[in-house]
K.L.:
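This is the structure I want to talk about, given as structure tokens.
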Amino acid sequence: MTYLPFSADWLTGGVRGLPRLSAWAWAWPRRSWRLSSVRQGSVRPGSVRMVSAALLLVMGLGSMAQAARLDDELLARDRTHQMPDLRPYPAGNKRKVAFFELMIPLVVAENQRIAEQRDWLLAMRKRAGDGGRDYSEREQERLNGLCDQANLPCDVTREDIGVSWTRLLLRIDTLPLDMVLVQAIEESGWGTSGHAREGNNLFGMRCFSRGCGIGPPGREYRRFESLEAGIAAYFDNLNSQRSYAELRELRGRLRNAGQPVRAEDLIPTLSAYSTRGNAYFTTLYDLLRWNRGLMRTVRERLAANGALS
């Protein structure tokens, strides 16, 4: 989800529904620096004028940036989210709707971010195939950032990316929304588990050094600064770790064949995610069957209200 501010009013919350500017970040690498939140009324007029002038300059160079496709995320989302306590909602449809209304926009936004990265890579691969390499320093920097995200040892130069485009594109790709949601449901108890509420960790991701997260030493759950960070880590896990190579290869074959990538197809490749084996797959299939209609209804309503743009 990208916001392009066109005036100083936007920066100070002058647009209804945007009370503060928060969590600005350059898009690549995602682990790079981020500015702190700026609350309404705390920005000095001189600073607003300076930032606005800088933004106008950037927009004036838009054609150059667009041609080079240097950045598919000039600005980060306007804010990040912490996991609310959903336990006050009674178990059943009310809690389910609250969970889906929270999670669907965040997962859709992460898929959009990755889809934009993938489109940029596909354009770069086509340019390389047409003999148009000679990558700029910004392009090299971004390619190295995406290789880091994909956990691949690239060595990008002006003439070569140091790894096959196929390997890189297998790891920069989206995941089915409904598969992400049913795993979040199962791994967090509809967002009510301690590691979800206290650590923004809805996917049961663990860490193994003492004091690294939440829970007993040696078997702790990872803690994330925001829901967005937890979701991004889950995507990174499936997209880059050796344990999920089968998932990536199947997804790549389906893409190459022009077929849809469905949750039903990828769930059997998640054997490394749980020690429960087929029982885990059965649980995910059941959650998918029982909740897919409500997922669709909530998503359609969010889209109609502009919450997924």
Side-chain angles (χ1 to χ4, degrees), residues 1-7 9-11 13-24 27 40 72-119 173-186 188 190-192 196 200 202-203 226-232 234-235 255 258-267 284-309:
M1 187 180 301
T2 302
Y3 296 92
L4 295 177
F6 289 93
S7 72
D9 288 340
W10 190 92
L11 291 169
V15 177
R16 184 177 303 172
L18 295 175
R20 64 186 177 93
L21 172 66
S22 173
W24 289 65
Q40 183 175 1
D72 60 19
E73 302 170 278
L74 289 176
L75 298 172
R77 302 158 195 156
D78 67 313
R79 58 191 176 125
T80 55
H81 298 76
Q82 300 297 309
M83 185 67 203
D85 190 352
L86 299 183
R87 292 175 298 175
Y89 291 95
N93 266 19
K94 287 187 177 180
R95 184 181 294 173
K96 290 181 178 184
V97 168
F99 182 86
F100 290 144
E101 287 180 342
L102 173 70
M103 288 295 292
I104 287 175
L106 302 182
V107 178
V108 167
E110 181 66 7
N111 266 331
Q112 288 174 341
R113 184 186 71 83
I114 293 174
E116 289 166 359
Q117 291 177 336
R118 184 176 175 84
D119 287 346
D173 204 347
T174 59
L175 294 169
L177 171 65
D178 45 3
M179 186 188 84
V180 178
L181 292 175
V182 295
Q183 276 209 277
I185 292 166
E186 174 62 13
S188 73
W190 290 96
T192 63
N200 293 307
L202 277 81
F203 298 95
S226 66
L227 283 173
E228 285 86 348
I231 292 168
Y234 163 82
F235 272 73
R255 290 253 187 265
Q259 298 177 14
V261 178
R262 307 181 309 156
E264 293 90 337
D265 299 321
L266 298 189
I267 283 174
L284 296 183
Y285 283 131
D286 287 343
L287 288 169
L288 197 61
R289 186 173 67 254
W290 296 333
N291 296 286
R292 179 168 267 165
L294 184 58
M295 291 180 200
R296 185 182 301 112
T297 297
V298 172
R299 181 174 185 177
E300 288 173 353
R301 184 171 70 246
L302 291 169
N305 293 335
L308 303 183
S309 58

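The structure presented is a predicted model; accordingly, all values stated were derived computationally and were not measured.
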K.L.:
Considering all heavy atoms of both residues, which atom of P260 and which atom of D265 are nearest to each other, and what is their separation?
P.N.:
O-OD2, 4.1 Å
K.L.:
Taking all atoms of both residues into account, what is the closest heavy-atom pair of P105 and A307, and its distance?
P.N.:
CB-O, 4.0 Å
K.L.:
Residues in side chain to side chain contact (heavy atoms under 4.5 Å, CB included) with L294, at least two apart?
P.N.:
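Scan of L294 (side chain to side chain contact (heavy atoms under 4.5 Å, CB included), adjacent residues dropped) gives N93, K96, V97, F100, V298.
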K.L.:
Using a 4.5 Å cut-off on heavy atoms from C-beta on, say whether the side chain of V108 contacts that of Q112.
P.N.:
yes
K.L.:
Evaluate the side-chain proximity of I114 to F235: yes if any heavy-atom separation is below 4.5 Å, no if none is.
P.N.:
yes
K.L.:
D178: what forms a side chain to side chain contact (heavy atoms under 4.5 Å, CB included) with it, not counting sequence neighbours?
P.N.:
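With sequence neighbours excluded, D178 shows a side chain to side chain contact (heavy atoms under 4.5 Å, CB included) to P176, A263, L288, R292, M295, given in chain and number order.
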K.L.:
Please name all residues satisfying side chain to side chain contact (heavy atoms under 4.5 Å, CB included) with A184, sequence neighbours left out, ordered by chain then number.
P.N.:
F99, M103, L202, F203
K.L.:
Less than 4.5 Å apart, any side-chain heavy atom of I231 and any of E228?
P.N.:
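I231 vs E228: side chains apart.
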K.L.:
Can you confirm whether the side chains of Q183 and Y234 place a donor and an acceptor under 3.5 Å from each other?
P.N.:
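Checked: Q183/Y234 side chains pair up, N/O donor to acceptor below 3.5 Å.
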K.L.:
Output all residues satisfying side chain to side chain donor-acceptor pair (under 3.5 Å) with Q82, sequence neighbours left out; order by chain, then residue number.
P.N.:
N200
K.L.:
Restricting to side chain to side chain contact (heavy atoms under 4.5 Å, CB included), what partner residues turn up for N305, sequence neighbours left out?
P.N.:
R301
K.L.:
Can you list the residues that meet the side chain to side chain donor-acceptor pair (under 3.5 Å) rule with R87, with sequence neighbours excluded?
P.N.:
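Side chain to side chain donor-acceptor pair (under 3.5 Å) list for R87, sorted by chain: D85.
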K.L.:
Between A196 and G191, which heavy-atom pair has the shortest distance, and what is it?
P.N.:
CB-O, 3.8 Å
